[in-house]
Protein chains: 2
Amino acid sequence: MEKIISRYKGKGFKLTPQRLAILKFLEGNTNHPTAEDIFREIKKKYPTVSFATVYNTVEALRERGELLEITINPDRKHFDPNPNPHHHIICKVCKKIEDIFTDYSEALKLPKDITDEFEILGNHVDFYGICKNCRN
Amino acid sequence: MEKIISRYKGKGFKLTPQRLAILKFLEGNTNHPTAEDIFREIKKKYPTVSFATVYNTVEALRERGELLEITINPDRKHFDPNPNPHHHIICKVCKKIEDIFTDYSEALKLPKDITDEFEILGNHVDFYGICKNCRN
DNA sequence: CATTATAATAGAATTATTCCAAGATGAGAA
DNA sequence: TTCTCATCTTGGAATAATTCTATTATAATG
Ligand SMILES: [Mn+2]
Ligand SMILES: [Mn+2]
Ligand SMILES: [Zn+2]
Ligand SMILES: [Zn+2]
């Protein structure tokens, strides 16, 4: 918790109680929560919190490279407090998202016509599957 | 055009004029249009067409494996009439999406803990970059 | 041509996300 | 410690994307 605070102190990032609750919820969270997941959790302690605060905070974190926006689920955005490059697999049935930490960067080379046109900034692999639970 | 018709005839897929216009617009289209792109185009010829028809049609095509839903852009869905496995790169500025036909399947192996839990159905690589146009 | 299952339509509903104006407050300065 | 102000929070409205529903229309089939 002090770790969290010291990471944001004096970086032009105002630490409010709501934000601390969001940071605490995200810290080490590998569930890839949606805005609603975050909202529901923070509401327990701060019943008046608004969606705007949730979106404002994740956007502030994203801008600072502290959080990723995950697009693997066509229905809604998920957020990932682990900003290190990694990949994901989603269960097509229950939409659970899990991390894949394999490094594919060596293999993910692009053809010349693409590298000629694009300055490459990054990549992300989406895997699709059905989890054990959902196969029953 | 006859090709399109024969592909859907007698497959429980009713070929209406609006659907034919959508199919014709999608045929060979590599622009990854959004629902609105499709709507706007079909409206030219069928001014009364509704968004529901566009969504119904792309959903019917998706169910039949004739079309892919692309999630690379967090803002909106894009559709791809090329259902063959391939990948995409998006320009972070103008959101243009281009195809990547490199086959990475050999390299995209998953760790055992994942293959133990998930039955794998497929994968897709998102590349992010900035296109030539947007660098000026 | 008649029947029928399926599609098209308008518009409302839903859902996700963003915007806005007003009041509140954390953080650094004094 | 208190003051000041930039930044944040909030509710609610606005926007945008997508889905749903009831009604009407029509493509496919025989
Ligand atoms: Mn992750
Ligand atoms: Mn494509
Ligand atoms: Zn599942
Ligand atoms: Zn561009």
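Since the model is a prediction, treat every value here as computed from it, not as a measurement. Below, read A as the first sequence line, B as the second, and so on, with proteins coming before strands; counting in each chain starts at 1.
- An OP1 or OP2 oxygen of D:dT10 is reached within less than 4.0 angstrom by a side-chain nitrogen or oxygen of A:Thr48.
- Between B:Asn56 and A:Phe13, the residue whose closest nucleotide on DNA chain C is further toward the 5' end is B:Asn56.
- Put simply, A:Arg19 has no side-chain N or O that comes within less than 4.0 Å of OP1 or OP2 on D:dT7.
- A close approach under 4.0 Å does not occur between any side-chain nitrogen or oxygen of A:Gln18 and OP1 or OP2 of C:dT25.
- A sub-4.0 Å separation between OP1 or OP2 of C:dT15 and a side-chain N or O of A:Lys77 is absent.
- With salt bridges taken as basic N to acidic carboxylate O contacts below 4.0 Å, none links A:Glu119 and B:Lys132.
- Rounded to an integer number of Å, the gap from B:Glu36 CD to D:dT19 P is 15 Å.
- The distance between atom CD1 of B:Ile42 and atom P of C:dA7, rounded to the nearest whole Å, is 17 Å.
- Phosphate proximity of C:dT25 to A:Lys14: absent, as no side-chain N or O sits under 4.0 Å from OP1 or OP2.
- B:Tyr55 has no side-chain polar atom (N or O) that falls below the 4.0 Å cut-off from OP1 or OP2 of D:dT19.
- The CZ-C1' distance, from B:Phe51 to C:dA12, rounds to 16 Å in whole Å.
- In this structure, A:Arg19 satisfies the cation-pi test against A:Phe13, with its NZ or CZ atom closer than 6.0 Å to the six-membered ring centre and inside 45 degrees of the ring normal.
- Note on B:Pro47: nothing from the nucleic acid sits closer than 4.0 angstrom, heavy atoms only.
- To the nearest angstrom, P of C:dG26 lies 15 Å from CD1 of A:Ile22.
- Using a 4.0 Å cut-off between charged side-chain N and carboxylate O, B:Glu41 and B:Lys43 make no salt bridge.
- Note on A:Lys43: every side-chain N or O is 4.0 Å or more away from OP1 and OP2 of D:dT9.
- Atom CD of B:Glu69 and atom P of D:dT18 are 9 Å apart (whole Å).
- B:Thr34 and B:Asp37 form a side-chain donor-acceptor contact under 3.5 Å, judged by distance and modelled atom types alone.
- Residue A:Ser50 is in base contact, counting any heavy-atom pair closer than 4.0 Å across all strands shown.
- Regarding contacts with the backbone of D:dA27, every side-chain N or O of B:Thr16 stays at 4.0 angstrom or more from both OP1 and OP2.
- Residue B:Leu15 contributes atom CG, which lies 16 Å from atom C1' of D:dA25 at whole-angstrom precision.
- If you take CD1 of A:Ile38 and P of C:dT17, they are 11 Å apart, rounded to a whole angstrom.
- Using a 4.5 Å cut-off on side-chain heavy atoms (C-beta onward), A:Ile97 and A:Asp80 make no contact.
- To the nearest angstrom, C1' of C:dT15 lies 10 Å from CG of A:Asp75.
- Residue-level contact check: A:Pro74 touches neither bases nor backbone, having no heavy atom under 4.0 Å from any strand.
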